[in-house]
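Any value given below was found using the heavy atoms of this structure, including those in side chains, with hydrogens, waters and symmetry copies removed. The structure presented is a predicted model; accordingly, all values stated were derived computationally and were not measured.
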Amino acid sequence: KLEMAATCERKHPNERFLCHHLRNAASLCILSSLCPSEIDAIAALCSSSGTEMKRKQCREAQRNLDSCMISHQHDPDLS
């Protein structure tokens with residue numbers, strides 16, 4: 001998916017909107033490999049408006065994904 005997105009952007013440098021769906025799929029692929037349980041929780045809890053409890057759980061799942069992504073960031077100053 002990453003290669004497909006890169007190829008699309010090379011072929012359409014002035015029409016990047018054409019590759020939007022491929023960039024989204026590539027991003028989801030990367031996130032799913034780094035934070036699979038957090039992505040699954042968001043898919044389950046944030047797919048519809050639901051009850052106040054479900055919205056609260058959705059916000060918590062989003063915070064958990066944020067934390068997971070932060071834990072995978074590389075600080076170049078520490079290299």
Using side-chain hydrogen bond (donor to acceptor under 3.5 Å, both in side chains) as the criterion, list what pairs up with [X], not counting sequence neighbours.
| X | value |
| --- | --- |
| K54 | S48 |
| Q62 | none |
| S67 | none |

Quiz prompt | For E15, salt bridge (charged side-chain N to carboxylate O under 4.0 Å, His left out) partners two or more places apart | solution =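 Counting only residues at least two positions away or on another chain, E15 forms no salt bridge (charged side-chain N to carboxylate O under 4.0 Å, His left out).
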
Working to the nearest 0.5 Å, report the span between [atom1] of [X] and [atom2] of [Y].
| X | Y | atom1 | atom2 | answer |
| --- | --- | --- | --- | --- |
| H72 | I30 | NE2 | CD1 | 12.5 Å |
| C68 | R63 | SG | CZ | 15.5 Å |
| R59 | R55 | CZ | CZ | 7.5 Å |

Self-check item: side chain to side chain donor-acceptor pair (under 3.5 Å): pairs with one or both residues in residues 20-37, sequence neighbours excluded
Solution: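 Residue pairs with at least one partner in residues 20-37: E9-R23, H20-N24.
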
Self-check item: ILVMFWY clustering at 4.5 Å (side-chain atoms), partners of I39
Solution: L28, L31, I42, L65, M69

